[in-house]
Amino acid sequence: MTRFVVPPRVNFFPQRIALPEHEDFRIEKLARLRAGGIDPHGSRFPGARSTEEIRNLCIPENEGLPVRAAGRITNIRWMGKATFIDIQDWTGRVQVYIKKNKVSDARFEEHKLLDLGDIIGVDGGLAKTKTGEVTIFADNFTLLTKALISPPEKWHGLKDVEIRYRRRYVDLFTNPEVMRTFLLRSHILRYIRNCMEKRGFVEVETPMMQSIPGGAAARPFITHHNALDMDLFLRVAPELYLKRLLVGGMERVFEINRNFRNEGISTRHNPEFTMMEAYQAYADYTDMMELTESVISGIARDLIGSLRISFGDIALDMTPPWARRCYSDLLQEYAGVRLGDSEAITSRVRMEPALAKVDVKNSHPDVLANELFEELVEPRLSAPTFVIDYPKSLCPLTKACAAEPELAQRFELYIAGMECANAYSELNDPEEQEKRFVEQVGDADERERIDRDFLDAQGYGMPPAGGLGIGIDRIVMILTNNASIRDVILFPLLRRETDESKNE
RNA sequence: GAGGGCGUAGCUCAGUCGGUAGAGCAACGGAUUUUUAAUCCGUAGGCCGAGGGUUCGAGUCCCUCCGCCCUCACCA
């Protein structure tokens, strides 16, 4: 009677997918389904409701309501002439009940070939079981995709960090909190774009491949254009192009996209990371502070649902206004030295074991002070804090403070000891800008690294402006309570997998 | 780049003093028409990350290598 006869065993499967022995059974089931006229990889299945909607619909007045759902099988409980199947979509799970005599005989035979991980569509009446579980009492089901590889264990899930990153797709359908994080990341980006548009900004896209990498001092990745026979750099920042747009008269621009920095990898650094940069004509860094505070606290309030959030062991209160602390005051408070007192700074650096490798003799006092700042101050800045008014020598693209010419109108935002945003009153004096670039690159050989076109652009007149960069990955880390940047990037960079490293 | 940790069945993990490789889940066969980590009976599943060494004997000790994680370094 069964249409699902066993065809001759096919010894054909792409060899690059090394299936463990027991998964041969899935290939066999696939062949049996095909022999029974079932397409094991399905097609369009319109009209399915989300499992979330189905759960909400399951009230006594709706008893028996016909519903359609689709999702991946996460659990099967065989009861002989009846079967309970849990299916999962990206909103959650719902139970399906398949009973002999309720579905067709052929369908009942087919359902015996279902496995964990298969994707099915279901039609049936909605009701709760006597134990109160929301259930679709199936009249019919449709196999939408047969899974050839078994999913991870249903109770412990997928824990192996390496497999989680390398096979993020498995991580996503196995670990609900991972799905939650990445959906939330998407909502955060949408929220930020909305905020920016409400404030009159337009989103633009500037070159990722640049012939002169500028806007930050990081080491770039090098690539090559064949037709032009030209080396190009992946951008380390979009800054110099966005400012050209200010010159062009685009008064409020922002870009949310990747930057690439050829440097170390850590829990807070991925070689490609997402940054929002924004420039507002006729504004300055104080306006950027208000913008930053408003957007990030807004995300906590509107998307997380609370201004008080947890990041690991740290409790963070995102309620504005956030602390505004002068760089020099913080340096005095935590390092005990005054900015500009090069003697005190030098001896303080020598005292600090973690800074033993610093080249004290050949470094500018402000650079040494910044070593102290990074070592002694930054890790202590747990609550959201704007550090304001940096030494000018550290900020080549920033306007000096009117009252204090040695200080620059810059802030960095620290949350949980992490640098999360950076903003300036943008330097718009091309002569001063050229001077600072030259100081920056030093050697005459390096002068070709100065972006002359950018200086020309400033020569046409760039309006005074506030500029801002927000590290999106780090903000998402804090708002989703993930300790590693790799947990908020779908496919973080990993070393290429080799035969020697595989333990398959 | 340095230091530390980890790598055992598809997944999650045990593996004692160096002495025949284990459990749960998943898989396979059977029972079961309201279960929900279903239950019950039975079966099978291993290059112990890779390579070398010590030893009568290595998952275990030593060396080299590969990969991942953590800390540090690098990082206007």
Side-chain angles (χ1 to χ4, degrees), chain A residues 18-26 28-29 74-86 93-103 108 115-117 127-135 137 147-167 170 174 214-219 236-237 239 261-269 271 353-358 364 366-367 370-371 373-375 390-398 408 410 412 419 422 424 436 439-441 483-484 486-487 492 494-504:
Chain A
L19 287 179
E21 178 274 332
H22 78 266
E23 276 158 351
D24 283 355
F25 289 103
R26 290 183 181 241
E28 187 177 309
K29 287 174 185 171
T74 58
N75 203 352
I76 305 183
R77 296 176 292 280
W78 306 97
M79 306 291 298
K81 295 192 176 62
T83 304
F84 292 93
I85 296 176
D86 296 337
R93 292 181 183 178
V94 71
Q95 176 171 268
V96 175
Y97 183 59
I98 294 177
K99 189 165 73 160
K100 194 171 167 66
N101 302 336
K102 183 88 181 289
V103 299
F108 195 76
D115 285 304
L116 298 183
K128 285 186 177 172
T129 60
K130 71 180 184 190
T131 52
E133 182 75 21
V134 175
T135 302
F137 289 80
L148 298 182
I149 302 178
S150 300
E153 203 223 11
K154 63 187 175 191
W155 189 242
H156 296 97
L158 181 63
K159 291 229 175 87
D160 186 306
V161 179
E162 185 174 351
I163 302 177
R164 286 188 44 226
Y165 295 155
R166 289 198 192 277
R167 304 195 170 183
V170 180
T174 302
R219 276 202 303 187
V236 294
E239 174 152 356
R261 298 189 179 176
N262 202 343
E263 283 159 10
I265 297 177
S266 78
T267 47
R268 294 177 298 280
H269 302 264
L355 299 177
K357 286 183 181 170
V358 173
H364 188 285
D366 289 344
V367 172
N370 203 45
E371 294 283 353
F373 191 88
E374 288 177 1
E375 185 63 29
Y390 277 65
K392 192 177 82 174
S393 63
L394 300 176
C395 315
L397 297 157
T398 312
R410 172 187 187 182
E412 285 197 356
E419 180 191 340
N422 186 12
Y424 315 139
R436 301 237 204 136
E439 280 168 13
Q440 204 64 28
V441 299
S484 171
R486 291 180 213 102
D487 289 321
L494 296 179
R495 216 176 283 269
R496 194 198 327 250
E497 206 170 13
T498 65
D499 290 341
E500 286 179 340
S501 66
K502 270 187 206 171
N503 47 3
E504 295 189 332

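Letters A, B, ... are given to chains in the order of the sequence lines, protein chains preceding strands, and every chain is numbered from 1.
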Separation of the [atom1] atoms in [N] and [M], to the nearest angstrom:
| N | M | atom1 | value |
| --- | --- | --- | --- |
| B:A14 | B:A50 | C1' | 24 Å |
| B:C74 | B:C13 | C1' | 37 Å |
| B:G5 | B:U43 | P | 42 Å |
| B:C11 | B:C70 | C1' | 24 Å |
| B:G67 | B:G53 | P | 24 Å |
| B:G49 | B:G1 | P | 24 Å |
| B:A26 | B:G46 | C1' | 16 Å |
| B:A21 | B:U8 | C1' | 8 Å |

Base partner of [N], which must satisfy Watson-Crick or wobble distances under 3.5 Å:
| N | result |
| --- | --- |
| B:U43 | B:A27 |
| B:G1 | B:C72 |
| B:C48 | none |
| B:G19 | B:C56 |
| B:G67 | B:C6 |

Side chain of [X] - closest among [options]:
| X | options | result |
| --- | --- | --- |
| A:E162 | B:G67, B:U12, B:C75 | B:G67 |
| A:L494 | B:U12, B:U35, B:C69 | B:C69 |
| A:F84 | B:U35, B:U33, B:C13 | B:U35 |
| A:F25 | B:A38, B:C28, B:A26 | B:C28 |
| A:V161 | B:U33, B:C68, B:U12 | B:C68 |
| A:R166 | B:C70, B:U12, B:C68 | B:C68 |
| A:K154 | B:C68, B:A38, B:A27 | B:A38 |
| A:K81 | B:A76, B:U32, B:G67 | B:U32 |
| A:Q95 | B:U35, B:C75, B:C68 | B:U35 |
| A:P396 | B:C28, B:U12, B:A76 | B:A76 |

Take atom [atom1] of [X] and atom [atom2] of [N], then tell me their distance rounded to the nearest Å.
| X | N | atom1 | atom2 | answer |
| --- | --- | --- | --- | --- |
| A:F137 | B:U33 | CZ | P | 16 Å |
| A:D160 | B:C68 | CG | P | 12 Å |
| A:I265 | B:C68 | CD1 | C1' | 12 Å |
| A:F373 | B:A76 | CZ | P | 16 Å |
| A:K159 | B:C25 | NZ | C1' | 12 Å |
| A:N422 | B:C75 | CG | P | 17 Å |
| A:H269 | B:C74 | NE2 | C1' | 10 Å |
| A:W155 | B:A38 | CH2 | C1' | 13 Å |

N or O in side chain of A:R495 less than 4.0 angstrom from B:C68 OP1/OP2: yes
Are OP1 or OP2 of B:U71 and a side-chain N or O of A:T267 less than 4.0 angstrom apart? yes
Name the nucleic acid region contacted by [X], choosing base, sugar-phosphate or nothing; use a 4.0 angstrom heavy-atom cut-off, strictly under.
| X | result |
| --- | --- |
| A:A216 | base |
| A:K29 | sugar-phosphate |
| A:Y390 | nothing |
| A:L116 | sugar-phosphate |
| A:R77 | base |
| A:K130 | base |
| A:S393 | nothing |
| A:A82 | sugar-phosphate |
| A:R486 | sugar-phosphate |

Are any non-hydrogen side-chain atoms of A:Q95 and A:R77 less than 4.5 angstrom apart? yes
Side-chain contact test, heavy atoms from C-beta onward, threshold under 4.5 Å: evaluate it for A:L394 versus A:H364 and give yes or no. no
Verify the neighbour count for atom CZ of A:R436: are there more than 12 heavy atoms of other residues, nucleotides or ligands below 6.0 Å? yes
Which pair of heavy atoms, one from A:R410 and one from A:N422, lies closest together, and at what distance? NE-OD1, 3.0 Å
Looking only at N and O atoms, is any donor in the side chain of A:E133 or the base of B:U34 less than 3.5 Å from an acceptor on the other one? no
Check: B:U33 base within 3.5 Å donor-acceptor of A:N101 side chain: yes
Return the 5'-most residue of the pair A:E375, A:G80 with respect to RNA chain B, ranking by each residue's nearest nucleotide. A:G80
Reading RNA chain B from 5' onward, which residue's closest nucleotide shows up sooner: A:L397 or A:M79? A:M79
Exactly one candidate in A:L116, A:V170, A:T74, A:D115 meets side-chain contact (heavy atoms from CB on, under 4.5 Å) with A:P151; the answer is A:L116
Just verifying a value: how many Å separate [X] [atom1] and [Y] [atom2], rounded to the nearest 0.5 Å?
| X | Y | atom1 | atom2 | answer |
| --- | --- | --- | --- | --- |
| A:L158 | A:T174 | CG | OG1 | 5.5 Å |
| A:F373 | A:D366 | CZ | CG | 13.0 Å |
| A:D160 | A:R166 | CG | CZ | 10.0 Å |
| A:K81 | A:N101 | NZ | CG | 9.0 Å |

For B:C48, decide between syn and anti, treating a glycosidic angle within 90° of 0 as syn. anti
Parallel, tilted or perpendicular: ring planes of A:F84 versus A:Y97, cut at 30 and 60 degrees: tilted
